[in-house]
Colleague: 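Just dropping this structure here.
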Amino acid sequence: MSNVRVRFAPSPTGYLHIGGARTALYNYLYAKATGGTFILRIEDTDLERSNAEYEKLQIDDLKWLGIHHDEGPDKPNPKYGLYRQSERLDIYMKYAQQLIDKGQAYYDFCTEEELEAMKAKAEVEGGDPHYSGKWRESAHWDEAKKRVAAGEKTAIRFKAPKKSFELNDKVKGKVVYPDNMVGDFVIMRSNGLPTYNYCCVIDDMLMDISHVIRGEDHLNNTVRQLMIYEALGAKLPEFAHVSLLIGHDRQKLSKRHGATSVNLYRNEHYLPEAMCNYLCLLGWSHPDEKDIFEKSDLFSIFSLERFSAHPAMYDLEKLKWVNGEHLKKLSNPDLISLIEKEPETDYFSKQTPEWKNACVDLLKKYAVFTTDFPKLVNELILNENPEMTDPLKEIMGWETTPKIISYIAGELDKVNSSYLTEAELNVWMDHVKKDMAVKGKPLFQGVRAALTGHDHGPDLKFLIPLTPVTVLKKRVAQLKA
RNA sequence: GCUCCCAUCGUCUAGCCCGGUCUAGGACAUCGCCUUUUCACGGCGGUAACAGGGGUUCGAAUCCCCUUGGGAGUACCA
């Protein structure tokens with residue numbers, strides 16, 4: 001096992017988001033590609049919004065996608081302790097205390113109103129909206145410590161060094177943070193919980209995280225984290241800030257863009273491999289420019305070098321296409337068992353294995369989802385009362401069509417078997433062609449209309465032998481009327 | 001506002017790091033044609049992009065600067 005240790009660190013404040021799934025996938029693939037370890041850490045320090053139920057749902061969705069972690073709350077490595085931040089509070093406090101002792105952090109008793117006023121004042125004066133309270137001056141620290149010793153609740157603020165920082169990001173390259181970018185920031189809230197930019201660093205450091213692969217929305221935050229690493233004298237991991245997903249309006253992908261949580265796609269029976277495949281296409285590219293692949297195909301070739309640096313627009317059309325391609329790659333037995341899990345597949349399930357195979361071979365050309373199979377079976381095979389559409393009316397208007405219909409109705413009456421064979425159909429076709437002198441379009445469209453009640457569809461020679469004769473009889477009878 | 005990041009077809013992208021092989025390649029979508037004596041299959045093809053301006057160079061999609069545009073951050077959220 002290599003020294004590569006990566007993590008996905010979601011907040012359990014909602015369902016697993018498409019964007020979250022994408023970063024999780026990239027971390028997972030990088031671990032696989034390097035023989036490293038993929039860690040799941042739960043960042044539940046926002047008490048108001050965090051919810052254990054969401055944690056469970058997110059983990060379920062990751063499992064569904066086939067993104068499995070090596071370490072996590074359910075698979076702890078004793079060396080690294082617990083994997084929920086809410087269970088590591090003593091650790092954060094311990095390091096915060098160290099920072100205070102070294103003068104790199106201080107207690108801050110400012111109220112919300114004072115903070116607001118500070119910001120408003122800075123805005124008016126055109127200065128940087130940074131903390132300028134009295135508590136940052138060491139002259140007040142003894143007083144602060146006494147108040148804390150007396151049991152007063154207080155936030156702990158990190159004393160941001162006035163200097164610029166540089167980051168060599170694996171995706172963005174060299175990033176320079178000017179020295180006035182951030183002011184002193186809170187690391188421990190007055191309710192005793194740590195803030196993201198602080199506990200994230202403590203955990204990444206303590207969990208020996210080697211590569212931080214995350215969304216670009218964290219790129220600006222990173223300077224705060226760099227400061228903490230420096231104050232702690234900790235070794236820096238590599239960073240890779242992946243560009244964000246955007247919607248059709250080019251804004252950060254969010255709920256108002258429609259289906260953005262993974263569970264929605266799961267409910268609509270998208271194939272998990274297709275989801276992963278498509279997510280890889282957004283912001284990462286296959287070295288051989290392949291579009292369709294499995295996660296496991298990437299285990300040997302996934303690399304941080306092939307990320308694009310600009311936001312990618314999430315496009316449902318292409319996702320659907322990818323899903324269809326994965327559907328076509330499935331073996332017939334696998335596909336059949338997936339289809340039988342869909343609702344309304346009673347008819348399908350009752351057929352013979354030969355029928356199922358032929359049906360799947362025929363319909364998978366037209367299907368994008370497994371849910372399309374029952375729909376197609378209902379529409380193409382079981383529907384006894386096809387709708388009289390405009391194209392169908394046109395075909396009915398041809399002078400040869402009524403003759404074809406009455407001929408076929410007559411022939412159908414003589415059929416006693418439950419299915420027609422391809423050979424029997426060919427005899428009828430031959431008759432219409434030779435004895436009735438109908439050929440080409442009127443022939444095929446006429447017979448199709450008579451037997452299917454549609455103006456288009458799969459090849460008749462494959463479709464008709466799958467359709468019950470009783471259904472064919474009803475359709476013809478309806479058209480004759 | 002300030003700061004950071006980014007910029008190739010409508011969309012996802014290859015190419016950029018290491019300038020010539022790029023009259024810029026692929027995929028989705030779209031359009032057209034062909035074939036299957038029909039059509040929703042299949043095959044072939046078309047439309048369509050280096051944001052603009054300067055510079056460096058014999059030569060720039062590729063390197064530098066500016067402008068414009070887009071994204072993100074600016075919390076006791078993550």
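Quick caveat, the model's predicted, so the values are computed rather than measured. The sequence lines fix the lettering, A, B, ..., with proteins before strands; numbering per chain opens at 1. Computation of the quantities below employed the complete heavy-atom set of this structure, encompassing side-chain atoms and omitting hydrogens, waters and symmetry-equivalent molecules.
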Colleague: Kindly state whether the ring of A/Tyr54 and the ring of A/Tyr15 have centres lying under 6.0 angstrom apart.
Modeller: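 Centroid separation for A/Tyr54 and A/Tyr15: below 6.0 Å.
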Colleague: Looking at every strand, decide which applies to A/Glu123 at a 4.0 Å heavy-atom threshold: base, sugar-phosphate, or nothing.
Modeller: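 Counting heavy atoms under 4.0 Å across all strands, no contact is made by A/Glu123.
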Colleague: Which whole-number value in Å describes the distance from A/Tyr278 OH to B/C28 C1'?
Modeller: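 Going from OH in A/Tyr278 over to C1' in B/C28 covers 9 Å.
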Colleague: Taking only N and O in the side chain of A/Arg189, is any of them less than 4.0 Å away from OP1 or OP2 of B/A78?
Modeller: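 True: A/Arg189 side-chain N/O within range (under 4.0 Å) of B/A78 OP1/OP2.
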Colleague: Can you tell me how far P of B/A40 sits from CZ of A/Phe373, to the nearest Å?
Modeller: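 After rounding, the reported distance stands at 20 Å.
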Colleague: Looking only at atom P, what distance separates B/C58 and B/G19, rounded to whole Å?
Modeller: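 Each nucleotide's P atom is 15 Å from the other's.
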Colleague: Looking at B/G42, which nucleotide sits across from it as a Watson-Crick or G-U wobble partner, both distances under 3.5 angstrom, or is there none?
Modeller: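 Across any shown strand, B/G42 pairs with B/C34.
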Colleague: Look at the side-chain N and O atoms of A/Arg224 and state whether any lies under 4.0 Å from the OP1 or OP2 oxygen of B/G73.
Modeller: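 So the side chain of A/Arg224 is outside the cut-off, no N or O lying under 4.0 Å from OP1 or OP2 of B/G73.
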Colleague: For B/C9, give the paired nucleotide (Watson-Crick: N1-N3 plus N6-O4 or O6-N4; G-U: N1-O2 and O6-N3; both under 3.5 Å), or none.
Modeller: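 Matched B/C9 with nothing under the 3.5 Å cut-off.
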Colleague: Over how many whole Å does the gap from A/Asn191 atom CG to B/A75 atom C1' extend?
Modeller: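 Value for this atom pair: 13 Å.
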Colleague: Any chance the rings of A/Phe302 and A/Trp284 have centres within less than 6.0 Å?
Modeller: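 Centroid separation for A/Phe302 and A/Trp284: below 6.0 Å.
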Colleague: Establish, with yes or no, whether the OP1 or OP2 oxygen of B/A14 is under 4.0 angstrom from a side-chain nitrogen or oxygen of A/Lys290.
Modeller: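 Answer is no, no contact under 4.0 Å.
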Colleague: Under 4.0 angstrom, heavy atoms only, what part of the nucleic acid is A/His218 near: base, sugar-phosphate, or nothing?
Modeller: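 Base contact - A/His218 has a heavy atom under 4.0 Å of at least one base atom.
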Colleague: Between A/Thr45 and A/Arg22, name the one whose nearest nucleotide on RNA chain B is closer to the 5' end.
Modeller: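 Comparing both residues, the 5'-ward one is A/Arg22.
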Colleague: Could you check, using the six-membered ring where one of them is a Trp, whether A/Phe293 and A/His286 have ring centers closer than 6.0 angstrom?
Modeller: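 Centroid distance A/Phe293-A/His286: below 6.0 Å, so yes.
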Colleague: Between B/G26 and B/C44, how far is it from one P atom to the other, in whole Å?
Modeller: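 Comparing P positions in B/G26 and B/C44 gives a spacing of 12 Å.
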Colleague: In the strands shown, is B/C58 matched to any nucleotide by a Watson-Crick or G-U wobble pair with both distances under 3.5 Å, and which?
Modeller: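 Its partner is B/G20 (Watson-Crick or G-U wobble, both distances under 3.5 Å).
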Colleague: For A/Asn197, answer base if it contacts any base atom (sugar-phosphate contacts may also be present), sugar-phosphate if it contacts only those atoms, and nothing otherwise; contact means non-hydrogen atoms under 4.0 Å.
Modeller: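 Base contact.
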Colleague: In terms of the nearest nucleotide of RNA chain B, which residue is placed more toward the 5' end: A/Tyr196 or A/Arg448?
Modeller: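 In this pair, the answer is A/Arg448.
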Colleague: Nearest-Å distance, CH2 (A/Trp321) to P (B/U13)?
Modeller: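 The distance from CH2 of A/Trp321 to P of B/U13 comes to 14 Å, rounded to the nearest Å.
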Colleague: On a whole-Å scale, what distance lies between the C1' atoms belonging to B/G15 and B/G20?
Modeller: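 Comparing C1' positions in B/G15 and B/G20 gives a spacing of 14 Å.
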Colleague: Under 6.0 Å from the ring centre and within 45 degrees of the ring axis: does the NZ or CZ of A/Arg147 meet both conditions for the six-membered ring of A/Tyr107?
Modeller: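 No cation-pi geometry.
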Colleague: Rounding to an integer number of Å, can you tell me how far A/Met275 CE sits from B/C12 C1'?
Modeller: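 So the two atoms are 15 Å apart, to the nearest Å.
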Colleague: Remember a base hit wins even if backbone is also touched, and classify A/Cys110 as base, sugar-phosphate or nothing at under 4.0 Å, heavy atoms.
Modeller: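 Base contact.
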Colleague: Is the count of non-hydrogen atoms from other residues, nucleotides or ligands lying under 6.0 Å from A/Lys170 atom NZ greater than 12?
Modeller: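 No, NZ of A/Lys170 has 12 or fewer neighbouring heavy atoms, counting only those of other groups under 6.0 Å.
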Colleague: Should A/Lys290 and A/Asp297 count as an ion pair when the cut-off is N to O under 4.0 Å?
Modeller: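 No, no charged N to carboxylate O under 4.0 Å.
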Colleague: What is the nucleic acid contact for A/Leu443, judged by heavy atoms within less than 4.0 Å: base, sugar-phosphate only, or nothing?
Modeller: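 Base: the residue A/Leu443, judged by heavy atoms under 4.0 Å, touches a nucleobase.
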Colleague: Supply the atom-to-atom distance A/Leu40 CG to A/Arg7 CZ, rounded to the nearest 0.5 angstrom.
Modeller: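 That separation rounds to 11.0 Å.
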Colleague: Would you list the protein and nucleotides 4-8 of chain B atom pairs, both N or O, that sit under 3.5 Å from each other?
Modeller:
unit_1 : atom_1 : unit_2   : atom_2 : d
B/C5   : O2'    : A/Lys172 : NZ     : 2.9
B/C5   : O2'    : A/Glu216 : OE2    : 3.0
B/C6   : OP1    : A/Lys172 : O      : 3.3

Colleague: Suppose we call a contact any N or O donor and acceptor under 3.5 Å apart; does that hold for the side chain of A/Glu289 and the base of B/G25?
Modeller: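 Check passes, donor-acceptor contact within cut-off.
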Colleague: Could you tell me how far B/C16 sits from B/U62 if I compare only their P atoms? Round to whole Å.
Modeller: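 Looking at atom P only, B/U62 and B/C16 are 12 Å apart.
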Colleague: Would you mind classifying the nucleic acid contact of A/Ser190 as base, sugar-phosphate or nothing, using non-hydrogen atoms under 4.0 angstrom?
Modeller: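 The answer is base, as A/Ser190 lies within the cut-off (heavy atoms under 4.0 Å) of a base atom.
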Colleague: Under 4.0 Å, counting only non-hydrogen atoms across every strand here, what does A/Leu115 touch: a base, just sugar-phosphate, or nothing?
Modeller: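 Base contact.
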Colleague: Using a heavy-atom cut-off of 4.0 Å across all strands, would you classify A/Lys441 as base, sugar-phosphate, or nothing?
Modeller: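 Sugar-phosphate only.
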Colleague: For A/Leu460, report the nucleic acid contact type (base, sugar-phosphate, nothing); a contact means any heavy atom under 4.0 Å.
Modeller: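 A/Leu460: base contact, heavy atoms under 4.0 Å.
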Colleague: Report yes if a donor N or O on one partner sits less than 3.5 Å from an acceptor N or O on the other, where the partners are the side chain of A/Asp459 and the base of B/C39; otherwise report no.
Modeller: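 Checked by distance alone, the answer is yes.
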Colleague: Using a 4.0 Å heavy-atom cut-off, does A/Ala155 contact any base of the nucleic acid, only the sugar-phosphate backbone, or nothing at all?
Modeller: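 Base contact.
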Colleague: Using a heavy-atom cut-off of under 4.0 Å over every strand shown, decide if A/Asp128 touches base, sugar-phosphate, or nothing.
Modeller: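 Here A/Asp128 touches no strand at all.
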Colleague: Write down the partner of B/A48 under the Watson-Crick or G-U wobble criteria, each distance required to be under 3.5 Å.
Modeller: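 Pairing partner, where one exists within any strand: none, as none qualifies.
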Colleague: Is there a donor on the side chain of A/Asp217 or the base of B/A78 sitting less than 3.5 Å from an acceptor on the other?
Modeller: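 In this structure, the two groups form no donor-acceptor pair.
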Colleague: Could you state the CG-P distance from A/Leu245 to B/A72, rounded to the nearest angstrom?
Modeller: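 In whole Å, B/A72 P and A/Leu245 CG are 12 Å from each other.
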Colleague: Distance under 6.0 Å and angle within 45° of the ring axis: does A/Arg224 meet both against A/Phe185?
Modeller: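 Yes; both conditions hold, so A/Arg224 lies above the ring face of A/Phe185.
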Colleague: Between B/A78 and A/Arg49, is there an OP1 or OP2 to side-chain N/O distance shorter than 4.0 Å?
Modeller: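 Result: no.
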Colleague: Which one is paired to B/U74, where only Watson-Crick or G-U wobble pairs with both distances under 3.5 angstrom count?
Modeller: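 Base-paired to B/G1.
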Colleague: Is there a side-chain polar atom (N or O) of A/Ser308 under 4.0 Å from OP1 or OP2 of B/U13?
Modeller: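 Checking A/Ser308 against B/U13: at least one side-chain N or O falls below 4.0 Å of OP1 or OP2.
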Colleague: Classify the side chain of A/Lys318 versus the base of B/A27 as yes if they form a donor-acceptor pair under 3.5 Å and no if they do not.
Modeller: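 Present.
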Colleague: From the set B/U11, B/U13, B/C41, return the single nucleotide nearest to any side-chain atom of A/Lys365.
Modeller: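 In terms of side-chain proximity for A/Lys365, the closest of B/U11, B/U13, B/C41 is B/C41.
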Colleague: Might you point out which heavy atoms bring A/Val212 and A/Pro237 nearest each other, and give the distance in Å?
Modeller: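 Smallest interatomic distance, heavy atoms only, reads CG2-CG, 3.8 Å.
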Colleague: Return the nearest nucleotide to the side chain of A/Arg306; candidates are B/A27, B/A78, B/A14.
Modeller: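 Selected nucleotide (nearest to the side chain): B/A14.
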Colleague: Nearest whole angstrom, please: distance from the P of B/A75 to the OH of A/Tyr131.
Modeller: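 Between P of B/A75 and OH of A/Tyr131: 15 Å.
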Colleague: Considering every strand and a 4.0 Å limit on heavy-atom distances, what is the contact class for A/Gln445: base, sugar-phosphate, or nothing?
Modeller: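 Base, at least one base heavy atom under 4.0 Å.
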Colleague: Reckon A/Lys119 touches a base, only the sugar-phosphate, or nothing at all at heavy-atom distances under 4.0 Å?
Modeller: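 A/Lys119: backbone/sugar contact only, no base atoms under 4.0 Å.
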Colleague: Provide, to the nearest angstrom, the distance between the CG atom belonging to A/Leu380 and the P atom belonging to B/C41.
Modeller: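 After rounding, the gap between these two atoms is 13 Å.
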Colleague: Salt-bridged, A/Lys393 to A/Asp390, with N to O below 4.0 Å?
Modeller: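 Answer for the salt bridge query: yes.
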Colleague: Shortest non-hydrogen contact from A/His17 to A/Val262?
Modeller: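 For A/His17 and A/Val262, the tightest heavy-atom pair comes out as O-CG2, 4.0 Å.
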Colleague: Centroid separation under 6.0 Å, is that true for the rings of A/Tyr407 and A/His431?
Modeller: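 Yes, ring centres under 6.0 Å apart.
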Colleague: May I ask you to say what A/Gln85 touches in the nucleic acid, namely base, sugar-phosphate or nothing, with a heavy-atom cut-off under 4.0 Å?
Modeller: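 Nothing: the residue A/Gln85, judged by heavy atoms under 4.0 Å, touches no strand.
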Colleague: Identify which nucleotide among B/U38, B/C12, B/A29 has an atom closest to any side-chain atom of A/Glu317, counting heavy atoms from C-beta outward.
Modeller: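 My answer, after comparing the listed nucleotides, is B/A29.
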